[in-house]
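Accompanying notes for the structure given below.
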Amino acid sequence: MSKPGILVPRPMRDVVMRGLEKRFALYKTFESEDPDRAIAEAADHVRGAAILGQKVDVAFLDKLPNLEIVANFGVGYDNVDAHDCSARGIMVTNTPDVLTDEVADTALGLLIMTVRELSAAERWVRGGSWAAKGAFPLTKTTLIGRKLGILGLGRIGKAIARRAEAFGLEIHYHGRSRQAGVAYTYHDTLSGLAQTCDTLMLVAPGGEQTHHMVDATILKALGPDGILINIGRGSVVNELDLIEALSSGTIHAAGLDVFEHEPNVPQALLDLENAVVLPHVGSASVHTRDAMGQLVVGNLVSWFDTGRAITPVSETPQKE
Ligand code: NAP
């Protein structure tokens, strides 16, 4: 029997390419000088797609009449129109759980970097200011006694909360629903959460529903001692409102791992001393990216061996 065809539109980690090559006929269309033509030529043979960040929308799906499964590298899948996939009976999978601890660790690191100005302090040493000017100025903010508000108390949000508990922080959260089995304080609005807390940690997914949820009103509610951390998706924050809030002192500082138009970060944000910026490195260790890659391969293998995916997204649940 011929091997199922898998479309790989962008280069992926070795662990993915090697894993897929063993089992499938790969259509690595990124190797072609004309990827669109390469996809058109492969289309009839393609039954699965291994996706790294690119848009999977109606136009993409229309090109692939025999597509059965879209295996997304990453837990966030706002790049994939899962409702359209569902309507066509196409399975969508993501890579939850295997990255939760790594992203939560990064979130806490980013929080501390931001509150205690650690990247500026490092620049102080490297730039020779310590020897030339003396001690780095005392930071105006401290982690001690902060009230942490988490937007999106899901897998990663809960792992962040567990870590924050160990730091002695009071924990509040907002999501569309109250989470079972947690003792943290639930707020039924984001503005209520921002009003109560001085530290806002964003871990919600991207997409239409969360687009620009954090805007000027929310930042004003967070207040002048406020710290905003975004480890979720850039689209959740209105970046222009954030730049204004950081420039005017409406909030104290922000730590950002994700941006609205990655990899482009507005110069106005880069110019601000009270913004700590990271290049979307939440899950970016070899260990964790390999685990994510193995899950991409695992989902495709499981689908074609058994008709079941390992980690289907909520829009395309496994049929019993
Ligand atoms: P998850 O378990 O699905 O948690 C998502 C949480 O967001 C849930 O608690 C959900 O609660 C809440 N939420 C969803 N839609 C919402 C809305 N419209 N309004 C308010 N809350 C909403 O996902 P996860 O594994 O924790 O991952 C969360 C996100 O982190 C991913 O989607 C991804 O965008 C991001 N991420 C970033 C990195 C990085 O490198 N920076 C790495 C991995 C993941 P309700 O259902 O109750 O609303």
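We count ligands from 1, going down the list as the structure has it; atoms in each ligand are counted the same way.
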Is the closest basic N to carboxylate O distance between Arg163 and Asp101 below 4.0 Å? yes
For atom 8 (C) of ligand 1, state which one of Gly154, Gly207, Ala107 supplies the nearest heavy atom. Gly154
Is any N or O atom of Asp257, backbone or side chain, closer than 3.5 Å to an N or O atom of ligand 1? yes
Quick check on contacts: which atoms of ligand 1 are under 4.0 angstrom from a heavy atom of Leu153? 9 (O)
Nearest protein heavy atom to atom 26 (O) of ligand 1, by residue and atom, and its distance? Ile156 N, 2.8 Å
Taking Leu111 as the starting point, is it possible to reach Ile156 by hopping between hydrophobic residues whose side chains are less than 4.5 Å apart? yes
Validation row: Val296, Thr95 side chains within 4.5 angstrom (heavy atoms): yes
Are the charged groups of Lys28 and Glu21 less than 4.0 angstrom apart, N to O? yes
Going by an N to O cut-off under 4.0 Å, is there a salt bridge joining Arg146 and Asp198? yes
Ring centroids only, cut at 6.0 angstrom: are His172 and His187 within range, meaning strictly under it? yes
Taking distance alone, with N or O pairs closer than 3.5 Å, would you say Val75 contacts ligand 1? no
Who's the nearest protein heavy-atom neighbour of atom 12 (C) of ligand 1, and how far? Gly152 CA, 3.7 Å
Applying a strict 4.0 Å limit to heavy atoms, is Pro96 in contact with ligand 1? no
I need the nearest protein heavy-atom contact for atom 21 (N) of ligand 1: residue, atom name and distance, please. Gly175 CA, 3.5 Å
Closest to atom 15 (N) of ligand 1 (heavy atoms only, candidates Arg176, Met213, Met292) is Arg176
Tell me which one of Gln209, Arg155, Arg233 gets a heavy atom nearest to atom 1 (P) of ligand 1. Arg155
Please work out, at 4.0 Å between heavy atoms, whether the side chain, the backbone, both, or neither of Thr106 comes within that distance of ligand 1. neither
Determine whether a donor-acceptor pair (N or O, by modelled atom type, separation under 3.5 Å) exists between the side chain of Ser86 and the backbone of Ala82. no
Counting heavy atoms only, which of Leu193, Ile231, Asn94, Thr288 is nearest atom 36 (N) of ligand 1? Ile231
protein heavy-atom neighbour closest to atom 13 (N) of ligand 1 works out as Pro205 CD, 3.9 Å
Can you list the atoms of ligand 1 that are under 4.0 Å from a heavy atom of Ser283? 40 (O)
Given Gly232, Ser314, Gly76, which has its nearest heavy atom closest to atom 35 (C) of ligand 1? Gly232
Nearest to atom 39 (C) of ligand 1 by heavy atom, Arg178, His174, His280: which? His280
What protein heavy atom sits nearest atom 11 (O) of ligand 1, and how far off is it? Gln179 NE2, 4.1 Å
Could you check whether any heavy atom of Glu102 sits closer than 4.0 Å to an atom of ligand 1, since that is the contact criterion I want to use? no
Got Val203 and Leu151 here, is their nearest side-chain heavy-atom distance under 4.5 Å? no
Side chain, backbone, both or neither: which applies to Ser177 and ligand 1 if a contact is any heavy-atom pair less than 4.0 Å apart? both
Check ion pair Glu262-Arg233 (N to O, under 4.0 angstrom): no
Between ligand 1 and Gly157, is the shortest N or O to N or O distance under 3.5 Å? no
Between Lys140 and Asp225, is there a salt bridge with N-O shorter than 4.0 Å? no
What is the nearest protein non-hydrogen atom to atom 28 (C) of ligand 1, stated with its residue, atom name and distance? Val203 O, 3.1 Å
Looking only at distances, can you tell me whether any N or O atom of Thr210, backbone or side chain, sits closer than 3.5 Å to an N or O atom of ligand 1? no
Within a strict 4.5 Å, meaning less than it, do heavy atoms of the Ile6 and Tyr27 side chains meet? no
Arg88 and Asp81 ion-paired at < 4.0 Å: no
Heavy-atom nearest neighbour in the protein, as seen from atom 42 (C) of ligand 1, with distance rounded to 0.1 Å: Val103 CG2, 3.4 Å
How far apart are the closest heavy atoms of Lys220 and Thr250, and which atoms are they? CA-CG2, 3.7 Å
Any idea which atoms of ligand 1 are less than 4.0 Å away from a heavy-atom of Val258? 41 (N)
Is the Tyr186 ring parallel, tilted or perpendicular to the Tyr173 ring (thresholds 30°, 60°)? tilted
